[in-house]
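One structure is given here, and the rest of the page talks about it.
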Amino acid sequence: MNDMIDNIKNILFHNNEGVDHITKGHCSAAKKAFRAALVELKDCEKRRQATRGPLEEPTCDTPSFPVNIEARSIPEFHDSQHYIFRNAVQVDLDFSNDIGLDCDIIFSQVFAGLTAIVIFNLSLASHYNADRFNWHTDDLKQVIKFYTKAWEALHKDGSWLQTNHAVCRDMMLLAMLNNMGAIFHKLAKYEKATHCFKALRNVFSSKSAGVQALHPDEHYGMMMNAMFIDQPGPACAA
């Protein structure tokens, strides 16, 4: 159990260290920290499977525990054509109190969601890095791969984020749709950009908790991207 606690602490440490770096514009250090968090996640999963078997699917009635999730803004992008959502996700888990849970249960509950958060942060850092170095095509394609992996991990989350941190989950969905749409538009993949922005508009129409929690500039920026999806070619984004 102590090894599992150390793993979880290390995952959170590296993720939050990466968030600290990217909020200061230090892309390389941020990406290194997020990759270290992913290594810890994989190590923790392998160690758990060796002793307890495969992860069980989390359920909505799994006990919750003291956790704080905070969105932290990174520096503005140079891209003047699109609004880029730029909030990284910091996660803090309170180990100071006896939360009455087996660490195996904790890890089973948070694994998919925490993986999604770390990969999302890595995506954002890579996106910011590509923006700083003039949007090279290969870099943008790599960023799309990261966002896609974060999307897949987020949809494997059984209940933790959806039930306990819906605003964070919605924020990440909005960010990925918006930012991938912007990248596809940069790459002249207008059909894929339109698909992302249409999905973004559908999420906005749901008026979910995450949509309502957006800051006015975030709401306006993403809506401006989504409003122009019916216009052809380069005009399909603000």
Side-chain angles (χ1 to χ4, degrees), residues 1-52 55 58 64-75 85-97 99 101-132 139 142-157 160-161 164-165 168-169 171-172 175-176 179:
M1 181 178 292
N2 288 334
D3 287 342
M4 184 74 75
I5 291 175
D6 288 340
N7 271 130
I8 295 173
K9 286 182 177 179
N10 288 337
I11 292 163
L12 298 180
F13 171 80
H14 289 305
N15 179 74
N16 296 344
E17 179 186 39
V19 172
D20 285 338
H21 283 308
I22 194 59
T23 57
K24 299 171 184 174
H26 302 158
C27 297
S28 296
K31 291 195 293 182
K32 181 178 179 180
F34 295 137
R35 291 183 187 278
L38 289 175
V39 170
E40 287 284 349
L41 276 161
K42 291 179 181 179
D43 180 64
C44 198
E45 181 185 18
K46 289 180 180 178
R47 183 175 299 175
R48 184 197 175 282
Q49 287 183 350
T51 58
R52 304 289 288 270
L55 287 171
S64 60
F65 45 87
V67 62
N68 179 62
I69 294 182
E70 178 184 355
R72 296 182 59 191
S73 180
I74 73 174
F85 192 88
R86 51 189 183 86
N87 284 344
V89 183
Q90 178 172 312
V91 183
D92 294 296
L93 179 60
D94 184 6
F95 288 95
S96 62
N97 299 317
I99 57 178
L101 290 175
D102 188 305
C103 284
D104 183 70
I105 296 177
I106 295 176
F107 187 73
S108 297
Q109 186 178 357
V110 306
F111 175 74
L114 193 53
T115 300
I117 287 172
V118 174
I119 301 176
F120 171 76
N121 286 336
L122 176 60
S123 306
L124 200 59
S126 300
H127 194 169
Y128 181 75
N129 192 63
D131 175 76
R132 290 178 61 189
D139 293 334
Q142 184 65 48
V143 175
I144 286 289
K145 289 181 181 179
F146 286 145
Y147 277 129
T148 301
K149 289 180 179 179
W151 180 274
E152 292 170 351
L154 188 63
H155 284 80
K156 291 178 182 178
D157 175 63
W160 177 52
L161 290 176
N164 302 297
H165 304 283
C168 174
R169 185 179 189 277
M171 181 203 77
M172 291 169 60
M176 286 185 279
N179 294 1

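Since we're looking at a predicted model, the values are computed, not measured.
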Q: Search all heavy atoms of A153 against all heavy atoms of T115 and return the closest pair with its distance.
A: CB-CG2, 4.2 Å

Q. Do L122 and K149 come close enough that some side-chain heavy atom pair is under 4.5 Å?
A. no

Q.
Looking at every non-hydrogen atom in both residues, tell me the closest pair between S73 and T23 and how far apart they are.
A. O-CG2, 3.5 Å

Q) Looking at V110, I117, N121, N68, which one forms a side chain to side chain contact (heavy atoms under 4.5 Å, CB included) with V91? A) I117

**Q.** Nearest-0.5 Å distance, CG of residue N179 to CZ of residue R86
**A.** 11.0 Å

(Q) Let me confirm one number: the CD1-CH2 distance from I119 to W151, rounded to the nearest 0.5 Å. (A) 14.5 Å

**Q.** Closest non-hydrogen atom pair between F146 and R35, with its separation
**A.** CZ-NH2, 3.6 Å

Q | Any L124 side-chain heavy atom under 4.5 Å of N87 side chain | A | no

Q.
Just verifying a value: how many Å separate N15 CG and N10 CG, rounded to the nearest 0.5 Å?
A. 12.5 Å

Q: Please report the shortest heavy-atom distance between E17 and A33, naming the atom on each side.
A: OE1-CB, 3.7 Å

Q. Side chains of D20 and R72: closer than 4.5 Å at any heavy-atom pair?
A. yes

Q. F13 and E40: side-chain contact (heavy atoms from CB on, under 4.5 Å), yes or no, with the steps?
A. CA-CA 10 Å; F13 171 80; E40 287 284 349; over 6 Å; no

**Q.** Side-chain heavy-atom pair C27, R132 within 4.5 angstrom cut-off
**A.** yes

Q. Side-chain contact, heavy-atom cut-off 4.5 Å: M176 with F120?
A. yes

**Q.** Residue pair S123 / Y147: nearest heavy atoms and the distance that separates them
**A.** OG-N, 3.2 Å

Q) Got a second to check how far H21's NE2 is from H14's NE2, nearest 0.5 Å? A) 10.5 Å

Q | Where L161 and D157 come nearest, the two heavy atoms and their spacing | A | N-OD2, 3.0 Å

**Q.** Separation of E70 CD from N16 CG (nearest 0.5 Å)
**A.** 9.0 Å

Q. For residues D139 and N129, is any side-chain donor paired with an opposing acceptor at under 3.5 Å?
A. no

Q | Nearest-0.5 Å distance that lies between atom NE2 in H155 and atom CD in E152 | A | 10.0 Å

